Student: 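Below is one structure. I have some questions about it.
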Amino acid sequence: QVQLVESGGGLVQAGGSLRLSCAASGRPFSTYAMGWFRQAPGKEREFVTAINWSGGRTYYADSVKGRFTISRSNAKNTVYLQMNSLKPEDTAVYYCAAGPRSGTSDSYYDYWGQGTQVTVSL
């Protein structure tokens, strides 16, 4: 079992930045790929970004490429999402997820956090 707790969400103006964190506990963090997904009101959950176990491979949705950066610290059992140049359309609940393989599909991930709200105002 892996427990995931997100933090760092909040309200920010368009063009601003936020850094989300996801702290993991339970089974060895370094064995898991990690992903970030988001769900806006009335929309389906969508892939944002993912990172493999070592941090050597990353994936990004086209909508966030060049603005968001995923990273991880296996020493701290934490994955991060640095979000820059935020837009109102980035408003959503952001979830981190852990699984045996990295990729864009939510079916790759077995464990999910509770989510953290990110709201971007004009």
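Source: prediction; values computed, not measured.
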Student: Looking only at atom types and distance, does a side-chain atom of N52 sit under 3.5 Å from a main-chain N or O of R57, one as donor and one as acceptor?
Tutor: yes
Student: Scan side-chain atoms only and decide if E89 and T91 contain a donor-acceptor pair under the 3.5 Å cut-off.
Tutor: no
Student: Which other residues end up in the same hydrophobic cluster as F47, if Ile, Leu, Val, Met, Phe, Trp and Tyr are linked when side-chain heavy atoms come under 4.5 Å apart?
Tutor: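 F47 clusters with F37, Y59, V93, Y95, Y108, Y109, W112.
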Student: Contact between Q82 and S71 at the side-chain level, heavy atoms closer than 4.5 Å - yes or no?
Tutor: no
Student: Write down the atom of A33, the atom of S102, and the distance for their closest heavy-atom approach.
Tutor: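 Closest approach of A33 to S102, heavy atoms only: CB-N, 3.3 Å.
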Student: For the residue pair G115 and E6, what are the closest heavy atoms and their distance?
Tutor: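 Heavy atoms only, the tightest pair is N-OE1, 2.9 Å.
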Student: For W53, is there any backbone N or O sitting under 3.5 Å from a side-chain donor or acceptor partner on N74?
Tutor: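 Yes; at least one donor-acceptor contact below 3.5 Å.
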Student: Determine whether R45 and D106 make a side-chain contact, defined as any pair of heavy atoms from C-beta on separated by less than 4.5 Å.
Tutor: yes
Student: Does any part of the side chain of S21, heavy atoms only, come nearer than 4.5 Å to the side chain of K76, both counted from C-beta?
Tutor: no
Student: Just how far is it from atom CD of Q114 to atom CD of Q3, taken to the nearest 0.5 Å?
Tutor: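 Result: 11.0 Å between the selected atoms.
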Student: Could you identify which residues cluster with F68, counting Ile, Leu, Val, Met, Phe, Trp and Tyr as linked when any side-chain heavy atoms lie under 4.5 Å apart, either directly or through a chain of such contacts?
Tutor: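 Members besides F68, by chain and number: V2, L4, V12, L18, L20, F29, Y32, M34, W36, V48, I51, Y60, V64, I70, V79, L81, M83, L86, Y94, Y111, V118, V120.
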Student: Between K87 and D90, is the salt bridge (Lys or Arg N to Asp or Glu O under 4.0 Å) condition met? List the steps.
Tutor: CA-CA 5 Å; K87 305 175 181 179; D90 294 318; over 6 Å; no
Student: Who are the salt bridge (charged side-chain N to carboxylate O under 4.0 Å, His left out) partners of R101, not counting sequence neighbours?
Tutor: none
Student: For E46, does the CD atom have more than 12 heavy-atom neighbours from other residues, nucleotides or ligands under 6.0 Å away?
Tutor: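 Yes, because the 6.0 Å sphere around CD of E46 holds more than 12 heavy atoms from other groups.
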Student: Nearest heavy-atom pair of A50 and G103: which atoms, and what distance?
Tutor: CB-O, 3.6 Å
Student: Please test R19 against S7 for side chain to side chain contact (heavy atoms under 4.5 Å, CB included), starting from the C-alpha separation and ending with a verdict.
Tutor: CA-CA 9 Å; R19 188 196 198 201; S7 62; over 6 Å; no
Student: Can you tell me how far CD of Q117 sits from CZ of R38, rounded to the nearest 0.5 angstrom?
Tutor: 12.0 Å
Student: Of all the heavy-atom pairs spanning S85 and S17, show the shortest one and how long it is.
Tutor: N-OG, 4.4 Å
